[in-house]
A.B. asks: 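Quick one: this structure, given as C-alpha cells, is what I'll be asking you about.
Since the structure is predicted, the reported quantities are computational estimates derived from the model, not experimental observations. The analysis underlying the following values was restricted to heavy atoms, covering all of them including side chains, and did not include hydrogens, waters or symmetry mates.
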Amino acid sequence: MYDVELFGDPFGLFSAVFVFGFGFIYSIYFCKKINVPTKFALWLYLYHTLFSMVYLYYVLNNGGDALGYYFKADKFNFEFRPGTFFIYGVVYFFKSISFSIVGIFLVFNLIGVVGLYCVLSSLLYLVNDSIKLKRLAVMFIFLPSMSFWTSAIGKDAISFAAIGLTLYSCIHLNKRVSYFILAIFLMFLVRPHIASIMIIAFSLSLIFNKSISLAFRFGFGGGLLFYVVLYCHLP
C-alpha cells in the first residue's frame, strides 16, 4: 500500500468536505438547468462519489495513473501543454492550496459526473415519453464502469465531461453553442487530437449543409483546410 495521507491536516479534511458539499449543491442547480430530475441527480452524484472513493482505495493499494499524476504534479514547471502536463498543472494548483488527495479526487469526480448528467439529459430527451426506454437510459447511466473510470484524477473525467457536453449541445446546437465550444475546449486541454477530430467533423457538417449559403461553406472550408495544415505542422 502506498503511504499517502488521505487528508493530511484539518484544512485537507475541510477541502474534501467543501468540494463534496459544493458538488451536491451544484448538481441540483446544473440538473435543473439541463432538465434532469433532481432525485436522479442526487443519487447519481452519491453513486459516482462512492466509485471515486473506491478508485482511490484501489490506486492506494495497487498503484495507477491517478496516483502518478498526484505525485508527479510536484514537478510541474508552469509550462502550458495540453494532455498530461495540463493534469499535472490542475493537481499542482489544488495541492498548492493544501487540498488533500481526497479533495482533489472529489474535484475530478464532480467534473466526471457533469458528463454523466449531460448524457442522461440527452438520453431522456431522445427516448421522449417511453417509460421502458427511460428505465434503460437510467440503467445505462448507472453502469459501474461509467462511474468508475470518470471519477478519478486524470484525463478521463475531463474528456468524458466534454463528450457529455457535446451530446447535450448537439440536440439543439443553435441554442447551445456555448456548451459545444466549452466541450471542444475541455477536450483540447486533455486530448487535443480528439478535439481536432470534433472540430473537423463539425466543420464538415456545416460545409455539406445545403441550407447554408455556398459562399459561407466555401469560406468555412478554406478555414478548415488552413486549420488542418496548421495542426499537422505543430510539434
Side-chain angles (χ1 to χ4, degrees), residues 1-24 26-27 43-119 141-165 183 185-195:
M1 184 172 182
Y2 289 83
D3 185 20
V4 180
E5 292 186 354
L6 293 179
F7 300 106
D9 54 34
F11 185 82
L13 175 60
F14 170 77
S15 71
V17 174
F18 173 79
V19 174
F20 176 77
F22 174 81
F24 198 85
Y26 183 76
S27 293
W43 278 113
L44 184 55
Y45 179 67
L46 293 175
Y47 181 77
H48 200 262
T49 302
L50 173 64
F51 274 97
S52 182
M53 295 301 97
V54 170
Y55 198 116
L56 174 58
Y57 175 80
Y58 175 83
V59 296
L60 287 178
N61 284 276
N62 301 282
D65 290 344
L67 211 55
Y69 287 125
Y70 182 77
F71 285 129
K72 293 179 181 178
D74 294 330
K75 300 178 181 179
F76 180 66
N77 59 2
F78 296 95
E79 177 186 357
F80 175 76
R81 277 191 283 171
T84 300
F85 280 86
F86 174 74
I87 303 299
Y88 289 158
V90 173
V91 177
Y92 177 84
F93 169 76
F94 285 106
K95 289 182 75 173
S96 69
I97 57 174
S98 300
F99 268 45
S100 62
I101 188 172
V102 176
I104 300 174
F105 255 78
L106 290 174
V107 169
F108 281 86
N109 171 67
L110 178 57
I111 295 171
V113 82
V114 165
L116 282 177
Y117 291 149
C118 291
V119 173
I141 288 296
F142 277 88
L143 285 173
S145 60
M146 296 286 285
S147 289
F148 185 76
W149 298 110
T150 60
S151 63
I153 296 172
K155 301 176 186 177
D156 292 338
I158 298 175
S159 58
F160 188 78
I163 291 170
L165 287 166
F185 177 69
L186 289 175
M187 188 64 81
F188 173 78
L189 291 176
V190 290
R191 304 188 192 278
H193 56 291
I194 297 180

A.B. asks: For Trp149, check side chain to side chain contact (heavy atoms under 4.5 Å, CB included) against everything at least two apart and list the hits.
C.D. replies: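 Checked Trp149 against side chain to side chain contact (heavy atoms under 4.5 Å, CB included); matches are Tyr55, Ser145.
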
A.B. asks: Could you give all pairs that pass the salt bridge (charged side-chain N to carboxylate O under 4.0 Å, His left out) test and reach residues 102-113, with sequence neighbours left out?
C.D. replies: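 Found none.
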
A.B. asks: Only counting residues at least two apart or in another chain, list the ones meeting side chain to side chain donor-acceptor pair (under 3.5 Å) with Tyr117.
C.D. replies: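 So Tyr117 forms a side chain to side chain donor-acceptor pair (under 3.5 Å) with Ser27.
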
A.B. asks: Do Ile163 and Met187 have side-chain heavy atoms sitting under 4.5 Å apart?
C.D. replies: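 Touching, per the 4.5 Å side-chain cut-off.
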
A.B. asks: Are side-chain heavy atoms of Leu60 and Tyr58 found at a separation under 4.5 Å?
C.D. replies: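 Counting from C-beta outward, Leu60 and Tyr58 never come under 4.5 Å.
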
A.B. asks: Under 4.5 Å between any side-chain heavy atoms of Val102 and Met53, yes or no?
C.D. replies: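 A side-chain contact under 4.5 Å exists here.
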
A.B. asks: Quick check for you: to the nearest 0.5 Å, what is the distance between Phe160 atom CZ and Ser151 atom OG?
C.D. replies: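 Answer for the CZ-OG pair, Phe160 versus Ser151, is 11.5 Å.
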
A.B. asks: Restricting to ring pair (Phe, Tyr, Trp, His ring centres under 6.0 Å), what partner residues turn up for Tyr88, sequence neighbours left out?
C.D. replies: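 Partners of Tyr88 under the ring pair (Phe, Tyr, Trp, His ring centres under 6.0 Å) test: Tyr69, Phe85.
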
A.B. asks: A quick test of your reading: do over 12 heavy atoms of other residues, nucleotides or ligands sit less than 6.0 Å from OH of Tyr92?
C.D. replies: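 No, OH of Tyr92 has 12 or fewer neighbouring heavy atoms, counting only those of other groups under 6.0 Å.
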
A.B. asks: Scan for salt bridge (charged side-chain N to carboxylate O under 4.0 Å, His left out) pairs involving residues 103-118, sequence neighbours excluded, and state none if there are none.
C.D. replies: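 Qualifying pairs: none.
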
A.B. asks: Under the side-chain contact (heavy atoms from CB on, under 4.5 Å) criterion, do Ile153 and Leu56 qualify, and how do the steps go?
C.D. replies: CA-CA 9 Å; Ile153 296 172; Leu56 174 58; over 6 Å; no

A.B. asks: To the closest 0.5 Å, what do you measure between CG (Leu67) and CZ (Phe105)?
C.D. replies: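 So the gap between those two atoms works out to 7.5 Å.
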
A.B. asks: I'd like to check the ring pair (Phe, Tyr, Trp, His ring centres under 6.0 Å) partners of Tyr70; sequence neighbours left out, ordered by chain and number.
C.D. replies: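 Not a single residue meets the ring pair (Phe, Tyr, Trp, His ring centres under 6.0 Å) criterion with Tyr70.
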
A.B. asks: At what distance, to the nearest 0.5 angstrom, does CG of Leu110 lie from OG of Ser52?
C.D. replies: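 The CG atom of Leu110 sits 10.5 Å away from the OG atom of Ser52.
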
A.B. asks: Who pairs with Ala161 by side chain to side chain contact (heavy atoms under 4.5 Å, CB included), at least two apart in sequence or on another chain?
C.D. replies: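 So Ala161 forms a side chain to side chain contact (heavy atoms under 4.5 Å, CB included) with Ile111.
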
A.B. asks: Kindly write out the residues that satisfy ring pair (Phe, Tyr, Trp, His ring centres under 6.0 Å) with Phe86, not counting sequence neighbours, or none if the list is empty.
C.D. replies: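 With sequence neighbours excluded, Phe86 shows a ring pair (Phe, Tyr, Trp, His ring centres under 6.0 Å) to no residue whatsoever.
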
A.B. asks: Considering non-hydrogen atoms only, spot the tightest contact between Leu116 and Ile141 and give its length.
C.D. replies: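 Closest heavy-atom pair between Leu116 and Ile141: O-CD1, 3.9 Å.
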
A.B. asks: Considering all heavy atoms of both residues, which atom of Gly83 and which atom of Lys155 are nearest to each other, and what is their separation?
C.D. replies: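 Looking at all heavy atoms of both residues, the shortest contact is C-CE, 3.8 Å.
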
A.B. asks: Suppose the criterion is salt bridge (charged side-chain N to carboxylate O under 4.0 Å, His left out): which pairs have a residue in residues 55-65, not counting sequence neighbours?
C.D. replies: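 Listed once each, the pairs would be none.
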
A.B. asks: For residues 87-100, which residue pairs qualify under salt bridge (charged side-chain N to carboxylate O under 4.0 Å, His left out), counting only residues two or more places apart or in two chains?
C.D. replies: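 Output for this query lists Asp74-Lys95.
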
A.B. asks: Compare all side-chain heavy atoms of Ile158 with those of Phe108 and state whether any distance is below 4.5 angstrom.
C.D. replies: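 They are in side-chain contact.
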
A.B. asks: Without swapping roles, check the side chain of Asn61 against the backbone of Tyr57 for a donor-acceptor pair under 3.5 Å.
C.D. replies: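 Side chain of Asn61 to backbone of Tyr57: a pair is present.
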
A.B. asks: Any donor-acceptor pair under 3.5 Å linking the side-chain atoms of Thr150 with those of Asp156?
C.D. replies: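 No, no side-chain donor-acceptor contact under 3.5 Å.
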
A.B. asks: With a 4.5 Å limit on heavy-atom distance, are the side chains of Val113 and Tyr47 in contact?
C.D. replies: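 No, side chains not in contact.
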
A.B. asks: Output the distance between atom CG (Asn109) and atom CG (Leu50), rounded to the nearest 0.5 Å.
C.D. replies: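 If I round to the nearest 0.5 Å, the distance is 10.0 Å.
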
A.B. asks: Test of understanding: with side chain to side chain donor-acceptor pair (under 3.5 Å), list the residues that count as partners of Ser159, not counting sequence neighbours.
C.D. replies: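 With neighbours one apart ignored, the set is empty.
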
A.B. asks: Rounded to the nearest 0.5 Å, what separates atom CZ in Arg191 from atom CG in Leu186?
C.D. replies: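 Spacing of CZ (Arg191) from CG (Leu186) equals 13.0 Å.
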
A.B. asks: Side-chain donor-acceptor pairs under 3.5 Å in residues 8-23, sequence neighbours left out?
C.D. replies:
from, atom 1, to, atom 2, distance (Å)
Asp9, OD1, Phe11, N, 3.1
Asp9, OD1, Gly12, N, 2.7
Ser15, OG, Gly12, O, 2.7
Ser15, OG, Ser100, N, 3.4

